[in-house]
Amino acid sequence: SQTIHQWPATLVQPVGSPLSLECTVEGTSNPNLYWYRQAAGRGLQLLFYSVGIGQISSEVPQNLSASRPQDRQFILSSKKLLLSDSGFYLCAWSGRNTEAFFGQGTRLTVV
Amino acid sequence: DAKTTQPPSMDCAEGRAANLPCNHSTISGNEYVYWYRQIHSQGPQYIIHGLKNNETNEMASLIITEDRKSSTLILPHATLRDTAVYYCIVSTGANNLFFGTGTRLTVIP
């Protein structure tokens, strides 16, 4: 069966520090991969999605970037965090025409 | 922008059916109706999806009106663990899922 792993579960980082969140998927190949962010009390916002290695689409302009160095690995990064980057970050995967399955999320607090 | 309209909150008695409505009057012919739910501080969980026919699985039933402009998610026997935010999404696929603010369902003992 397919599983998705996302870590860390919680993270507290100072303003201006770098960020690296990692997501891996097991049990499937060539998945679509996604990064979402959820601000407190709000819905999920799609940040990035990828249909293959090295292929990244950005949905909103922001202080973050994404990379897909391997088929089942998706990384969310920032060179310098802002206070406004705080939120709940979720990685998800899907097949080509199937529903999306989400990881358990990373709660990032920028202080 | 959200393509769906959902009530912000609903209550349901434990053991009763929970009927969550969703309006999607601008849905296109190739867009599916997806339902997800999110329990506090967890990732969203897929529930069900459909195109135009009613669908049922082990979690819920999805009733889509004939004109496809609205749908209802039915949890046949709500339990306390069904308390969550329920999102109705219309999309051509998983790469275009827009999550609005959903309906906060509270199951009451």
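We use all heavy atoms of the structure for the numbers below, so side chains are in, but hydrogens, waters and symmetry mates are not. Residue numbering restarts at 1 for every chain, and letters A, B, ... go by the order of the sequence lines.
Scanning both residues, A:L90 and B:G43, for their nearest heavy atoms gives CD2-CA, 3.4 Å.
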(request) Would you sort out whether B:F99 and A:F102 count as a ring pair (Phe, Tyr, Trp, His ring centres under 6.0 Å), showing the intermediate values? (result) CA-CA 13 Å; B:F99 287 78; A:F102 287 79; 5.7 Å; yes
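There is no path of hydrophobic side-chain contacts, each under 4.5 Å, that joins B:I108 to B:L80. Under the 4.5 Å side-chain contact rule for hydrophobic residues, A:V25 and A:I75 do not share a cluster. The same ILVMFWY cluster, assembled from side-chain heavy atoms under 4.5 Å apart, contains both A:L83 and A:L47. The cluster map of Ile, Leu, Val, Met, Phe, Trp and Tyr, joined by side-chain heavy atoms under 4.5 Å apart, puts B:I89 and B:I27 in different clusters. A:F48 is connected to A:L108 through a chain of hydrophobic side-chain contacts under 4.5 Å among Ile, Leu, Val, Met, Phe, Trp and Tyr, so both are in one cluster.
In this structure, B:P8 has no side-chain contact (heavy atoms from CB on, under 4.5 Å) partners at least two apart in sequence or on a different chain.
Applying the disulfide bond (SG atoms under 2.5 Å apart) test to pairs two or more places apart or on separate chains, none has a residue in residues 32-62 of chain B. Identified under the salt bridge (Lys or Arg N to Asp or Glu O under 4.0 Å) test for residues 58-73 of chain B, with sequence neighbours left out: none.
The parts of A:L44 that come within reach of chain B are both its backbone and its side chain, each placing non-hydrogen atoms under 4.5 angstrom from that chain.
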Listing needed: what donor-acceptor pairs below 3.5 Å join chain B with chain A?
from	atom 1	to	atom 2	distance (Å)
B:Y36	OH	A:A100	N	2.8
B:Y36	OH	A:A100	O	3.0
B:Q38	OE1	A:Q38	NE2	3.0
B:Q38	NE2	A:Q38	OE1	2.9
B:Y87	OH	A:Q38	NE2	3.3
B:N95	N	A:Y34	OH	3.3
B:L97	O	A:Y36	OH	3.3

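The candidate with the highest count of non-hydrogen atom pairs below 4.5 Å against chain B, out of A:A9, A:G43, A:C91, is A:G43.
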